[in-house]
Amino acid sequence: MRKVILITFILSTFQAVAQNTPQQTNAGQKLIEGLQNPGNFSIGGYAQIDYNEVDGATPGNLDVHRLVLLFAYKFNNKVSFLTEIEYEHVNEVFVEQAYLKYRLGNNASILAGLMLVPMGIINEYHEPTTFYGVERPSTDTYIVPSTWREMGIGIFGRLDAASLKYQAYLFNGFISYENGFGTLRGIDGLRKGRQKGMTAMANTPNFSTKLDYYGVRGLRVGIAGYFGETQTDDTTIENTTVHVTMLGTDARYKSHNLELRGQYIYTKLSNTANYNLLMVTDLGSEMYGFYTEVAYNINLGNNEKITPFIRFEKYNTHAKTEGTLVKNKRYDRSEYTFGLNYKVAEGAAFKIDYQIVDNAETGSNVKNQFNAGIGIWF
């Protein structure tokens with residue numbers, strides 16, 4: 001059934017005809033590509049401030065969810081550097097990106113350092129004004145999992161004749177065993193295994209690649225893959241690692257004021273039965289997530305616009321299990337999110353939405369949620 005949904009989505013999207021879609025860049029790429037001359041330095045940033053209120057729960061929560069500062073420097077016409085410093089919830093500090101870019105030619109560059117793994121839409125384009133809704137889609141939290149960045153090296157570029165953007169990298173993998181404990185579990189899959197460049201271990205390299213096609217008017221389609229082993233700080237203990245295969249496809253379409261967006265991510269994990277027995281945990285052997293979204297822009301003049309949207313997503317971190325582990329139906333989740341974005345300037349928006357949340361377990365009594373907030377990107 002999931003394959004039918006995926007194929008239908010791709011075929012229907014390819015039938016679209018609209019204006020040319022620009023070659024989209026995220027905040028970091030935009031900043032580093034904007035450097036004109038050697039010695040140039042540039043600064044940018046984005047912020048997300050949220051209010052979340054679960055039905056029946058008071059008070060709600062106010063949070064400076066993230067504040068990110070970006071810095072880029074151009075050494076010469078071939079070499080440049082980008083870094084992102086992120087503050088989460090006011091008191092947590094992370095380096096989200098820190099990589100050196102070496103330009104091989106007009107359409108190819110080598111990147112090395114702490115970089116985003118190209119999978120889905122949000123992991124690369126996660127600035128708050130680039131997506132609708134206060135919070136990122138849950139598929140990009142539990143399945144991808146965003147913001148997913150690791151240490152690596154690889155090549156990035158475009159083949160304009162074929163209308164393709166390509167990326168291929170070697171990264172360190174997820175950490176699955178550290179300091180005597182397993183890190184992976186059923187409720188959020190691989191999320192706790194992100195190493196984020198923090199004294200990351202790399203027993204074996206993992207391969208990541210993505211192709212983005214932009215040759216059809218109004219349409220951009222991406223196909224991505226990620227393959228490798230999780231990492232362990234004690235290679236003498238058997239079954240502390242699992243093999244990861246992650247495949248994804250995504251599409252964005254724009255026609256005048258109408259916007260459509262969707263993605264599908266599938267993950268296969270092997271050796272989970274042995275891993276679960278050793279770690280006394282409940283990691284699933286297959287996970288998937290998808291969403292479809294419709295938005296319509298109402299222009300108000302002076303670069304202001306109101307955009308109502310609706311998004312449906314379904315994600316399951318226990319799509320399949322191995323051995324004696326029984327699938328937990330609470331991990332088979334779905335959400336409807338609908339709301340409004342009010343863009344008051346380029347790079348500034350007020351947001352409001354309501355999420356209807358459910359799972360496959362009978363009588364689970366999952367609570368819906370109201371969200372409001374602001375998004376900024378400069």
Side-chain angles (χ1 to χ4, degrees), residues 48 50 52 63 65-66 86 88-89 92 94-97 114-124 126 131 135-152 171-179 181-201 206 208 224 226-233 240-248 263-272 275-276 279-291 313-321 325 327-328 330-335 357 359:
Q48 179 180 337
D50 305 337
N52 310 112
D63 183 26
H65 196 146
R66 52 180 56 91
E86 179 177 28
E88 288 193 1
H89 316 296
E92 300 176 15
F94 299 96
V95 178
E96 189 160 292
Q97 294 191 77
L114 181 63
M115 300 177 293
L116 300 172
V117 178
M119 178 63 65
I121 300 172
I122 292 293
N123 203 54
E124 290 189 274
H126 52 250
F131 61 88
E135 305 292 347
R136 298 170 181 177
S138 293
T139 297
D140 292 292
T141 298
Y142 292 97
I143 307 298
V144 172
S146 298
T147 301
W148 180 17
R149 70 273 195 191
E150 300 293 353
M151 301 293 293
F171 287 110
N172 65 263
F174 294 100
I175 184 73
S176 54
Y177 182 79
E178 186 176 22
N179 298 324
F181 296 96
T183 59
L184 309 181
R185 56 187 186 173
I187 190 171
D188 50 12
L190 298 165
R191 186 168 183 82
K192 295 295 183 181
R194 297 172 300 162
Q195 298 201 66
K196 308 176 186 178
M198 295 185 290
T199 59
M201 282 170 279
N206 285 221
S208 173
Y226 178 90
F227 315 91
E229 301 286 335
T230 60
Q231 318 292 287
T232 174
D233 68 354
T240 56
T241 64
V242 298
H243 183 83
V244 180
T245 298
M246 186 182 297
L247 303 172
Q263 71 177 27
Y264 177 93
I265 309 292
Y266 166 81
T267 303
K268 168 69 176 175
L269 305 176
S270 62
N271 197 41
T272 59
Y275 179 82
N276 287 333
M279 305 301 171
V280 193
T281 189
D282 63 343
L283 182 65
S285 60
E286 291 188 24
M287 304 181 291
Y288 75 90
F290 71 88
Y291 71 79
E313 59 183 313
K314 185 174 179 62
Y315 53 102
N316 189 351
T317 51
H318 260 197
K320 284 189 179 181
T321 58
L325 180 63
K327 290 192 288 186
N328 190 329
R330 288 178 297 171
Y331 300 162
D332 182 0
R333 292 157 281 192
S334 60
E335 295 178 10
V357 185
N359 64 43

**Item:** Enclosure of Lys192 NZ (heavy-atom neighbours >12, cutoff 6.0 Å)
**Value:** no
**CA sep, side-chain torsions, deciding dist, call: Phe181, Thr281, side chain to side chain contact (heavy atoms under 4.5 Å, CB included)** = CA-CA 10 Å; Phe181 296 96; Thr281 189; over 6 Å; no
Between [X] and [Y], what is the shortest heavy-atom contact and its length?
{"X": "Ile121", "Y": "Tyr291", "value": "CD1-OH, 3.9 Å"}
{"X": "Gly284", "Y": "Thr272", "value": "O-CG2, 3.6 Å"}
{"X": "Ser208", "Y": "Pro118", "value": "OG-CD, 3.4 Å"}
{"X": "Met246", "Y": "Ile265", "value": "CG-CG2, 3.9 Å"}
{"X": "Thr321", "Y": "Leu325", "value": "OG1-O, 2.6 Å"}
{"X": "Met119", "Y": "Leu247", "value": "SD-C, 4.3 Å"}

Within a strict 4.5 Å, meaning less than it, do heavy atoms of the [X] and [Y] side chains meet?
{"X": "Asp140", "Y": "Asn123", "value": "no"}
{"X": "Tyr275", "Y": "Leu283", "value": "yes"}
{"X": "Thr267", "Y": "Val244", "value": "yes"}
{"X": "His243", "Y": "Leu269", "value": "no"}
{"X": "Asn172", "Y": "Asn206", "value": "no"}
{"X": "Ser176", "Y": "Gln231", "value": "no"}
{"X": "Arg191", "Y": "Arg185", "value": "no"}

**Complete:** Test side chain to side chain donor-acceptor pair (under 3.5 Å), reference Asp332, set Lys314, Lys327, His318, output is Lys314
**Message:** Here's a test for you: under side chain to side chain donor-acceptor pair (under 3.5 Å), which of Gln97, Arg194, Arg66, Arg136 qualifies with Thr147?
**Reply:** Arg136
**Prompt:** Can you list the residues that meet the ring pair (Phe, Tyr, Trp, His ring centres under 6.0 Å) rule with Phe94, with sequence neighbours excluded?
**Reply:** none
**Complete:** Sorted by chain and number, sequence neighbours left out, ring pair (Phe, Tyr, Trp, His ring centres under 6.0 Å) with Phe171 holds for Tyr169
**Request:** Could you give me the CA-CA distance, side-chain angles and deciding distance for His126 and Glu96, then say whether side chain to side chain donor-acceptor pair (under 3.5 Å) is met?
**Result:** CA-CA 12 Å; His126 52 250; Glu96 189 160 292; 2.8 Å; yes
**Message:** Is the ring pair Tyr226/Phe174 parallel, tilted or perpendicular, if the boundaries are 30 and 60 degrees?
**Reply:** perpendicular
**Ring centroid separation Tyr142 to Tyr315 under 6.0 Å** = yes
**Complete:** Across all chains, not counting sequence neighbours, the salt bridge (Lys or Arg N to Asp or Glu O under 4.0 Å) partners of Glu150 are none
**Request:** Look at the side chain of Asp282 and the backbone N and O of Gly186, then say whether any donor-acceptor pair between them is shorter than 3.5 Å.
**Result:** yes
**Request:** Using the side chain to side chain contact (heavy atoms under 4.5 Å, CB included) rule, take Val95 and Leu114 through it: C-alpha gap first, then chi angles, then the decisive distance, then the call.
**Result:** CA-CA 8 Å; Val95 178; Leu114 181 63; 3.9 Å; yes
